[in-house]
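For reference, the structure is listed below as structure tokens.
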Amino acid sequence: MEKHYDFSAEAERLIYDDWESCGAFRCGVDSNKEPYTIMMPPPNVTGRLHIGHALDNTLQDILVRYRRMRGFDCLWLPGTDHAGIATQSLVSKQLFADGVDLSKLSRENFLNHSWNWKDKYGNIILQQLRRLGASCDWDRTRFTMDKGLSRSVRYAFLRLYGDNLIYRAERLVNWDPQLKTAISDLEVRQQTVLGKICFIDYPLVFDKELCAQPSNLSIITIATMRPETLFGDVAVAVHPDDDRYKHLVGHHCSVPLTGRKIPIIADVRVDRERGTGALKITPAHDFLDFDIGRDHSLAMISVFDKRACLNDKVPGIYRGLSREQARSSVVAALETQGLLREIRDEIHSVPHGERSGVALEPRLTKQWFIGMGSLAKRALQSVENGNTILLPQIWHNTWRRWLENIQPWCISRQLWWGHRIPIWYTQDGKEIAADSEEAALEQAQQKFGKNVILTQDEDVLDTWFSSALWPFSTLGWADEQFADVSMLQRYFPTNVLVTGFDILFFWVARMMMMSLYFMGQVPFKVVYMHALIRDTKGRKMSKSLGNVVNPIDLMNRYGCDALRLTLVLQSVPGRDLRLSEKRIEGNRNFITKLWNSARFLEMQDCCYDKNFDITKVSGALHRWMLVRLLEVTAKVERALDDKICMFHEAGSVIYHFVWDVFCGKYLEMLKPIFSFGSADEKVEARLSSAWLFYGLLRILHPFVPFVTEKIFFTAEIFSAKTDDERLIIAQWLDADSIIVADDWKNDVDEVEWILGLIGEVRSLRSCLGLVSKIITPLRCDDLTSLAETRVAAWATVVRSLAGIDWMGDNRNKDRNKEKVIVFIYDGFVSPGLGLPLGFEIEQAKNRVSKQFDYWSSKLKVLNKKFDPEGKFVKNAPENIVSANKLKHLEAVNQCDRLARILADL
RNA sequence: GGGCGAUUAGCUCAGUUGGGAGAGCGUCUCGUUUACACCGAGAAGGUCGGCAGUUCAACCCUGUCAUCGCCCACCA
């Protein structure tokens, strides 16, 4: 083995290429195996690997590698999402930079450019995933706009349309004036901004014939943040019980600047507390107003075009002005006319487009919608009855609340890049739904005769529509041409979905609904939602803050495994994680540690022999190690259970086991055996340690695949392996098949006892400032005691690890010459003996009295528990009581001993 | 406004049926004992946000307050 582990990109790529070329990632190789499926959340084709992807895919990779080793036929299906808006923006930007006049570009031409762009750049992120070690089946890579998936999208649309769940309607939608498309409610981000609230006087208009002026008021004052929309006003609404205004209901006022006469109406939805209690109603530009306008059968006047500039419904001088320009112009005009009663700053929230970042405009347009009610109900039920488990379970509430209040989903987008809506219109606007233009024409001709002319709907579908089908569209659903029903049958439903909680509604819920609708079953049994990654200060990573870390860069500096381990160790369910480079550095050290432990074993000529039966070893040390290894294996298995998904738990158990137990204790205790042991002991140590190390490597592999595979590949320990052996396809350590004899427990206790003793000596010598190997610890108070025998059996180990160069009866030692210390451990006590003259008696005294304080305070607590007046004995369960009795006994003994020692000092 | 979460060692955070307060980093002391100084040994440091309650027993359960954060709704 090399002295240093090489985690450079090139070195890791060699390992990855080997995995890929040996076919380790492929599914379906052995049909006897139980399938295990994970669908990778498809990253945007425009994407570059960011730290969130790194976390997401590391967790998936861990699950897949683990299952693969446990003998499952794993399908981890990768792919990319066409990302309608993001891609179209990028391509447009590039074309613009290349000097292309976008306004003259045909749809077809634009799409050609987009496909070229996709072919050129669309796979970068998939390449980056390889760097991360992602063991997905690249042969199954899909793209949301590839042939098969496009067909699935059309098929899904047509079925929903046929069932009247998809419909076209003129509605107020969230309109992005920069992207010039409708977007869904979920793509709206509220932003708090400082605006100006205007109090505007609307002159009352009284019809002399109908009634007299009801009061001495001549105006009604409304409050608005959006004075520029007054051109679209169709009413002023007040609360029916509002004494200030109710006498005005039924009368009219006029819209300033236009003089248009509008009614004053009453509606309970008006909040008397806000503004002036009088609300201008602009149904085409406000969601509440839309509802009120509809219920009062009011007209809807759109005054904006698709860029949110004023249109020809407004007086000439305002036409073509942007919202912002219009606002100031209107305010100025109102002021001039004396209708602006007041204007002042006010903080309020304004909906912005998630993508474009500009303020959105509610806009009245014809759009396609999916009615979500019945779909949502089933999705809700499936989680309620446990068919799909959401982890962490915290999300159940959120899930329920969202689905119970779900609104129709606007699925049409005024874009070119995406799945075009499979609807054609006849000259007179009749809808024809069909899978292709030919089919549509055929259908139309049958219905309307040969002369019918069709035009396809211009819009494309929301990107999330195709994503919603991902768990089954990727497996050949509705794709007759490549009909491979076996894939769907075998790998659907999937086992686990790993994703961020930020797309719970966008994606997870919609996959659920679509899958239940089309497949009749849930798309995944478990959804594991990991947290968001923040910077060291807890801030979200964003380009504007400049705190975005590049995972590729981190991997170049610390190795992939170190990054993976860091992400895993910090990924506690339900809690955001802060990424610090210090942690990555520490985990890089862990990788080095592991590498060096392999080198150590190699230097000792340890050799893995698959025929070696570990259950036949005689050395207590190896038995102890095996038992501990089996414990850890069980813990990892439990933590990696799909229904648990405690990645950090698994990671930290392994981390500490490797560093503290395997390296810190086992290997250290092996050293004296290799140095002073008998030939038999050495042989057993070489075989056992290699066997145990191999077990360890396998548990580690899902978490740190590169270094473990590299060790397996290069260490002499495994020189007996065959050419086609790889750790990635090695069989997981089967703890159940390893049965250890009952009497091993004694060995395990024995080693723990010795370890405790060593710890005690170390602590003591350090406290007393004893350096180097000068300690001569002591006799027992009873030389024939069992303890003495036990230590004698481990003499070399204890000497080596505790730094002792002599052991035995010290009663006859010359205390002036020998440095001897008081030593207390279980059967070992040396009251009154051992402190050399001139030694730091005070330090020793302090230490002992500290211990005494510790035990006596413990004893106090326990005494109180066993107070005859107390209810502990009466009420506590028996096992707790007896455990406490033992503790009490121990405390009494310890206090006794320490008191004696103190007295002697 | 509605909902959810957080508050534990100097820092970042674990702590899954209520019965031992822990890790990493940092700090201090010591150590080049034949894998590793990207190392080893040891130590210091916390009334587990405040208050009240349930219980024999509370970091853990209930209530309440304080501070912080997230999600949903909201352009009067």
Side-chain angles (χ1 to χ4, degrees), chain A residues 1 3-5 185 190 193 195 197-199 222-226 229 237 270-271 273-280 285-289 346 348-351 359-362 394-395 397-398 401-402 405 501-502 504-505 532 536 538 558 562 569-570 572 574-580 582-583 585-604 644 646 648-649 652 655-656 663-664 667-668 671 674-675 758-759 762-767 769-773 799-803 858 864-865 867 870-877 879-881 883-884 887:
Chain A
M1 288 175 77
K3 180 151 191 205
H4 297 287
Y5 171 58
D185 299 349
Q190 295 294 335
V193 297
I197 185 165
C198 304
F199 292 83
I222 58 91
T224 181
M225 307 293 294
R226 304 216 51 196
T229 63
V270 175
D271 184 345
E273 308 300 321
R274 292 179 72 182
T276 61
L279 178 63
K280 76 186 198 68
H285 298 290
D286 182 281
F287 288 96
L288 175 61
D289 294 5
E346 180 148 308
H348 65 139
S349 67
V350 178
L360 297 175
E361 202 58 61
I394 301 276
W395 292 104
N397 262 336
T398 314
R401 287 164 44 79
W402 190 71
N405 299 305
F501 63 82
D502 49 329
L504 178 64
F505 305 139
L532 207 68
T536 40
Y558 299 102
L569 286 173
Q570 280 198 257
V572 177
R575 191 152 161 166
D576 288 350
L577 62 98
R578 296 190 189 188
L579 193 69
S580 86
K582 273 280 178 198
R583 291 238 182 194
E585 201 180 306
N587 290 322
R588 190 261 333 256
N589 296 350
F590 173 85
I591 303 298
T592 307
K593 182 86 181 170
L594 180 68
W595 178 259
N596 281 307
S597 69
R599 283 181 60 231
F600 171 75
L601 292 175
E602 186 180 75
M603 285 172 194
Q604 305 303 329
I644 309 283
M646 299 275 259
H648 74 297
E649 173 74 16
S652 85
Y655 180 96
H656 288 107
C663 293
L667 292 189
E668 291 304 321
K671 283 176 185 174
F674 286 131
S675 300
I758 290 165
R762 282 171 166 177
S763 175
L764 193 53
R765 72 190 293 219
S766 181
C767 273
L770 293 167
V771 295
S772 74
K773 272 193 190 180
R799 275 201 197 109
S800 160
L801 269 72
K858 212 161 183 174
K864 206 175 163 192
K865 263 189 179 171
D867 183 339
K871 298 173 187 167
F872 176 71
V873 179
K874 203 169 65 189
N875 293 342
N879 58 329
I880 297 292
V881 173
N884 276 279
K887 279 186 206 162

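These values consider heavy atoms only, across backbone and side chains, with no hydrogens, waters or symmetry-generated copies. Quick note on labels: first sequence line is chain A, next is B, and so on, each numbered from 1.
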Tabulate protein N/O versus nucleotide N/O from nucleotides 21-26 of chain B, keeping only pairs under 3.5 Å, one per line.
| residue | atom | partner | partner atom | Å |
| --- | --- | --- | --- | --- |
| B:A23 | O2' | A:His656 | NE2 | 3.2 |

Closest heavy-atom pair, A:Lys3 versus A:Asn596, reported as atoms and distance to 0.1 Å, is O-OD1, 4.1 Å

Atom CG of A:Leu601 and atom P of B:A35 are separated, to the nearest Å, by 11 Å

With sequence neighbours left out, the residues meeting salt bridge (charged side-chain N to carboxylate O under 4.0 Å, His left out) with A:Arg226 are A:Glu228, A:Glu361

- Query: Is A:Leu360 touching bases, backbone alone, or none of the nucleic acid, heavy atoms closer than 4.0 Å?
  - Reply: base

For A:Thr276 and A:Phe199, the nearest pair of non-hydrogen atoms, with its separation, is CG2-CD2, 3.5 Å

Base, sugar-phosphate alone, or nothing: which one does A:Gln190 contact when heavy atoms must sit under 4.0 Å apart?
base

query: Between B:C72 and A:Arg401, is there an OP1 or OP2 to side-chain N/O distance shorter than 4.0 Å?
result: no

A:Ile644 atom CD1 is separated from B:U17 atom C1', nearest whole Å, by 13 Å

Separation of B:U34 atom P from A:Leu801 atom CG, nearest Å, is 13 Å

Would you check if the side chain of A:Arg578 reaches a backbone N or O of A:Gln570 as a donor-acceptor pair within less than 3.5 Å? no

Out of B:C75, B:A76, B:A35, minimum distance to the side chain of A:Pro351 belongs to B:C75

Hits for salt bridge (charged side-chain N to carboxylate O under 4.0 Å, His left out) against A:Lys671, two or more places apart or cross-chain, chain-then-number order -> A:Glu668

| said: Categorize A:Asp286 for me: base, sugar-phosphate, or nothing, with a 4.0 angstrom heavy-atom threshold over every strand shown. | reply: sugar-phosphate

Sorted by chain and residue number, the side chain to side chain contact (heavy atoms under 4.5 Å, CB included) partners of A:Val350 (sequence neighbours excluded) come out as A:Val193, A:His348, A:His352, A:Ala359

Practice problem: Could you tell me whether A:Ser580 contacts a base, only the sugar-phosphate backbone, or nothing, with contacts defined as non-hydrogen atoms closer than 4.0 Å? | Solution: nothing

To the nearest angstrom, the CG-C1' distance between A:Leu288 and B:G1 comes to 15 Å

Sequence neighbours excluded, the answer for salt bridge (charged side-chain N to carboxylate O under 4.0 Å, His left out) partners of A:Glu602 is none

TODO: Using a heavy-atom cut-off of under 4.0 Å over every strand shown, decide if A:Glu668 touches base, sugar-phosphate, or nothing.
DONE: base

Within the structure shown, what part of the strands sits under 4.0 Å from A:Thr229 by heavy-atom distance: base, sugar-phosphate, or nothing? nothing

From CZ of A:Phe501 across to P of B:C72 the rounded distance in Å is 10 Å

Phosphate oxygens OP1/OP2 of B:A35: is one of them under 4.0 Å from a side-chain N or O of A:Lys671?
yes

Across all chains, not counting sequence neighbours, the side chain to side chain contact (heavy atoms under 4.5 Å, CB included) partners of A:Asp502 are none

For A:Ser800, the side chain to side chain contact (heavy atoms under 4.5 Å, CB included) test, sequence neighbours excluded, returns A:Pro672

Smallest heavy-atom separation, A:Tyr655 atom then A:Asn587 atom, equals CE1-OD1, 3.4 Å

Please report the distance separating the P of B:A6 from the corresponding atom of B:C13, rounded so that it comes out in whole Å. 13 Å

Testing B:C4, B:U34, B:G40 for proximity to the side chain of A:Lys593, the answer is B:G40

Applying side chain to side chain contact (heavy atoms under 4.5 Å, CB included) to A:Ser597 and not counting sequence neighbours gives A:Leu594, A:Cys663, A:Leu667, A:Phe693

Original post:
How far, in whole Å, is B:G5 from B:C74 if one measures between their C1' atoms?
Top reply: 22 Å

A:Asn587 atom CG is separated from B:C13 atom C1', nearest whole Å, by 14 Å

Practice item. Measure the shortest side-chain to side-chain distance between A:Thr592 and A:Arg588 over non-hydrogen atoms and say whether it is less than 4.5 angstrom. Key: yes

task = Apply side chain to side chain contact (heavy atoms under 4.5 Å, CB included) to the pair A:Val881 and A:Lys865, showing each step before the final yes or no.
result = CA-CA 9 Å; A:Val881 173; A:Lys865 263 189 179 171; over 6 Å; no

Discussion item. With rounding to the closest Å, how many angstrom separate the P atoms on B:C59 and B:U16?
Written reply: 13 Å

Regarding the side chain of A:Ser597, the nearest nucleotide among B:A76, B:C75, B:A35 is B:A35

For B:G20 and B:C48, measure between their C1' atoms and round to the nearest Å.
15 Å

Between A:His648 and A:Met225, whichever has its closest RNA chain B nucleotide further toward 5' is A:His648

Applying the Watson-Crick and G-U criteria (both distances under 3.5 angstrom) with [ ] for crossing and | for other-strand pairs, one obtains for RNA chain B (((((((..((((.....[..)))).(((((.......))))).....(((((..]....))))))))))))....

Work out how far the P atom of B:U17 is from that of B:C60, and round it to whole angstrom.
14 Å

Heavy-atom nearest pair, A:Val270 first then A:Ala237, reads CG2-CB, 3.7 Å

Which of A:Ile222, A:Leu288, A:Asp271 passes side-chain contact (heavy atoms from CB on, under 4.5 Å) with A:Leu279? It is A:Leu288

Between CD of A:Gln604 and P of B:C36 the distance, given in whole Å, is 11 Å

task = Provide the distance between the two P atoms, one in B:A23 and one in B:A9, to the nearest whole Å.
result = 13 Å

Provide a list of protein-nucleic acid N or O atom pairs under 3.5 angstrom, restricted to nucleotides 5-7 of chain B.
| residue | atom | partner | partner atom | Å |
| --- | --- | --- | --- | --- |
| B:A6 | O3' | A:Arg575 | NH1 | 3.1 |

The nucleotide from B:C4, B:U12, B:G42 with an atom nearest the side chain of A:Arg578 is B:U12

task = Identify whether any heavy atom of A:Arg599 sits under 4.0 Å from a base atom; if not, whether one sits that close to sugar-phosphate; answer base, sugar-phosphate or nothing.
result = sugar-phosphate

**Request:** Using the P atom as the reference point in each nucleotide, state the distance between B:C65 and B:C4 in Å, no decimals.
**Result:** 15 Å

Rounded to whole Å, CD1 of A:Ile758 lies from C1' of B:U33 at a distance of 14 Å

*Phosphate-side-chain proximity, A:Arg274 and B:A76, N/O vs OP1/OP2 below 4.0 Å*: yes

The salt bridge (charged side-chain N to carboxylate O under 4.0 Å, His left out) partners of A:Glu585 (sequence neighbours excluded) come to none

Report yes if the side chains of A:Phe872 and A:Asn884 come closer than 4.5 Å at any heavy-atom pair, otherwise no.
-> yes

Could I get a table of every N or O pair under 3.5 Å where one atom is in the protein and the other is in nucleotides 53-61 of chain B?
| residue | atom | partner | partner atom | Å |
| --- | --- | --- | --- | --- |
| B:C56 | OP1 | A:Asn875 | ND2 | 2.8 |

Any donor-acceptor N/O pair under 3.5 Å between B:C71 base and A:Thr398 side chain
no

| message | Using the C1' atom as the point on both nucleotides, what is the distance between B:U7 and B:U12, in whole Å? | response | 14 Å

